[in-house]
Amino acid sequence: MTSGYLLLEDGTVLHGRSVGAPGHAFGEAVFTTGMTGYQETATDPSYAEQLVAFTAAMVGNYGVDDSRLESERPHARAVLMRRLGGRAWADWLAGHGLVALDDVDTRALTLRLRESGAMRAVAVADETELPVDEALAAVRAQPLMEGQALVEQVSTNAPYVASERGRVSVALVDYGAKRSIVRRLAAAGAAVTVYPHVADPEELARHDGVLLSNGPGDPEPLTRETEVVRGLLGQVPVLGICLGHQLLGLATGHETYKLPFGHRGANHPVLERRTGRVLVTSQNHGFAVAPSDGDEATHVSLYDGTVEGFDLPDVRARSVQFHPEAGPGPHDAWPILEAWVDEVADAR
């Protein structure tokens with residue numbers, strides 16, 4: 001195994017051991033606090049253009065199984081670990097072309113990202129092939145995540161039927177949808193048709209309900225997608241998840257902004273305003289809806305006050321910033337998808 005390194009745009013170098021594919025990968029360095037779900041994380045389209053550091057002390061210790069994949073291929077650009085937990089995980093990473101380093105001081109990396117924010121970076125598998133000075137100039141030439149519209153590169157190109165039978169018909173708008181969302185909808189009794197990130201709102205509204213999926217990048221430049229959401233309001237029940245929540249916020253006059261280091265992991269506390277209950281949730285996003293005291297804001301992050309949910313009954317829409325499908329993560333929010341499908345069925 002060769003010696004590699006992670007280089008941040010501020011010049012910080014963290015050395016490690018290459019356990020994945022050869023080469024190097026540019027992207028935004030971020031961290032996730034989830035202790036399980038490493039395959040789900042690597043294949044989650046919301047991690048497009050990112051180098052993912054796991055804060056868990058060991059990663060890969062329960063093997064690999066392709067039933068855990070959230071999409072057909074990895075979307076994270078690189079994986080960074082304190083300790084590799086098993087050969088099967090390393091072989092999977094290498095087989096899928098992912099640069100991966102272990103023996104990285106992920107605690108120091110996480111503290112650096114918390115203090116200075118997510119940064120442009122490069123993960124290098126072999127330090128002899130790309131000198132640090134040369135790499136730093138290349139890192140600083142990479143685009144910032146702000147302003148990047150990434151959904152087109154992860155969305156389906158054409159509609160397809162993901163689940164044929166159900167008591168209701170749901171259109172899933174694919175901004176980078178996770179497979180577990182489709183599975184949970186089907187288990188709740190929905191027939192699911194998946195549509196590209198920009199679809200005709202009239203065609204979407206022919207279904208009994210529309211779900212706006214998760215996805216990567218900055219929501220603000222997604223003007224066409226926001227217009228589609230705006231065109232759906234009041235026509236059909238709408239549920240937004242993660243990026244879908246942010247697009248619903250933009251479509252209804254709210255603002256979004258870049259978080260310093262994002263919310264990524266499976267232990268994020270969210271206050272449900274109506275009941276006072278605190279949900280422990282799974283999250284993965286670098287942008288958020290700005291804090292609001294409006295009645296439509298149903299859920300609030302207990303970390304930073306950002307809006308974690310909307311309920312807009314006048315236009316038949318609701319949303320959550322966190323992941324109710326919990327793939328992976330705690331099950332506090334599981335009832336949300338089933339309850340929405342029930343509401344769609346009752347509204348027919």
Side-chain angles (χ1 to χ4, degrees), residues 4 6 16-104 106 109-110 113 118 121-125 145 150-151 153-155 174-183 213-217 242-243 262-266 282-286 323 325-329:
L6 174 74
R17 178 182 63 154
S18 176
V19 294
H24 58 272
F26 293 98
E28 182 184 46
V30 299
F31 65 88
T32 176
T33 57
M35 296 185 68
T36 61
Y38 42 87
Q39 270 188 289
E40 293 92 330
T41 296
T43 56
D44 182 347
S46 294
Y47 279 110
E49 303 300 326
Q50 292 179 324
L51 317 179
V52 183
F54 291 87
T55 63
M58 179 183 288
V59 181
N61 50 307
Y62 56 84
V64 296
D65 184 337
D66 282 354
S67 67
R68 303 186 188 120
L69 304 187
E70 286 293 353
S71 60
E72 292 183 355
R73 61 180 177 86
H75 291 277
R77 299 297 307 279
V79 168
L80 310 165
M81 302 167 283
R82 180 67 184 92
R83 183 178 176 187
L84 175 68
R87 189 69 247 167
W89 174 228
D91 290 344
W92 187 91
L93 291 165
H96 286 84
L98 274 177
V99 173
L101 301 175
D102 87 334
D103 207 22
V104 175
T106 51
L109 173 58
T110 299
L113 296 178
V122 63
V124 179
M145 187 59 73
L150 300 178
V151 298
Q153 71 184 50
V154 298
S155 177
D174 179 16
Y175 308 122
K178 296 167 63 180
R179 287 177 173 175
S180 53
I181 294 176
V182 175
R183 289 196 296 268
S213 85
N214 63 289
C242 196
L243 180 61
H263 296 172
R264 297 178 181 89
S282 178
Q283 303 204 11
N284 174 19
H285 57 102
H323 286 265
E325 79 284 356

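What you see is a predicted model, and the numbers here were worked out from it, not measured in a lab.
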If you round to the nearest 0.5 Å, how far is [atom2] of [Y] from [atom1] of [X]?
X: M81; Y: T106; atom1: CE; atom2: OG1; result: 10.0 Å
X: D103; Y: S18; atom1: CG; atom2: OG; result: 12.0 Å
X: Q283; Y: T32; atom1: CD; atom2: OG1; result: 10.5 Å
X: I181; Y: H323; atom1: CD1; atom2: NE2; result: 6.5 Å
X: R264; Y: T55; atom1: CZ; atom2: OG1; result: 12.5 Å
X: S67; Y: R179; atom1: OG; atom2: CZ; result: 10.0 Å

Can you name the closest pair of heavy atoms from [X] and [Y] and give their distance?
X: G215; Y: L243; value: N-CB, 3.6 Å
X: D174; Y: S155; value: O-OG, 2.7 Å
X: A88; Y: V64; value: O-CG1, 3.9 Å
X: A78; Y: A123; value: CB-CB, 3.8 Å
X: P216; Y: L150; value: CG-CB, 3.8 Å
X: V154; Y: Y175; value: CG2-O, 3.3 Å

Say whether, by atom type as modelled, one donor and one acceptor occur between the side chain of [X] and the main chain of [Y] under 3.5 angstrom.
X: S71; Y: T43; value: yes
X: E28; Y: A118; value: no
X: N61; Y: G86; value: no
X: E70; Y: P45; value: no

Checklist entry - In terms of side-chain geometry, is the basic nitrogen of R82 or D102 positioned less than 4.0 Å from the acidic oxygen of its partner? => result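 Not counted as a salt bridge, because no side-chain N and carboxylate O are separated by less than 4.0 Å.
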
Item to check | Step-by-step side-chain contact (heavy atoms from CB on, under 4.5 Å) determination, F31 to L80 | outcome: CA-CA 9 Å; F31 65 88; L80 310 165; over 6 Å; no

Item to check | Residue of the set E325, E40, E72 for which salt bridge (Lys or Arg N to Asp or Glu O under 4.0 Å) holds with K178 | outcome: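 Looking at E325, E40, E72, the match for K178 under the salt bridge (Lys or Arg N to Asp or Glu O under 4.0 Å) is E325.
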
Checklist entry - Near M35 CE, under 6.0 Å, is it more than 12 heavy atoms from other residues, nucleotides or ligands? => result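 No.
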
Next on the checklist: Can you confirm whether more than 12 heavy atoms, excluding those of R83, are under 6.0 Å from its CZ atom?
Outcome noted: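 Open.
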
Checklist entry - Can you find a side-chain donor-acceptor pair between N284 and D44 that sits under 3.5 Å? => result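 Present: a donor and an acceptor within the cut-off.
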
Item to check | Whether W89 and Y38 hold their rings parallel, tilted or perpendicular, with breakpoints at 30° and 60° | outcome: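 If you compare the ring of W89 with that of Y38, the planes turn out tilted.
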
Item to check | Note, H285 side chain near N214 side chain (heavy atom, < 4.5 Å) | outcome: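 A side-chain contact under 4.5 Å is absent here.
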
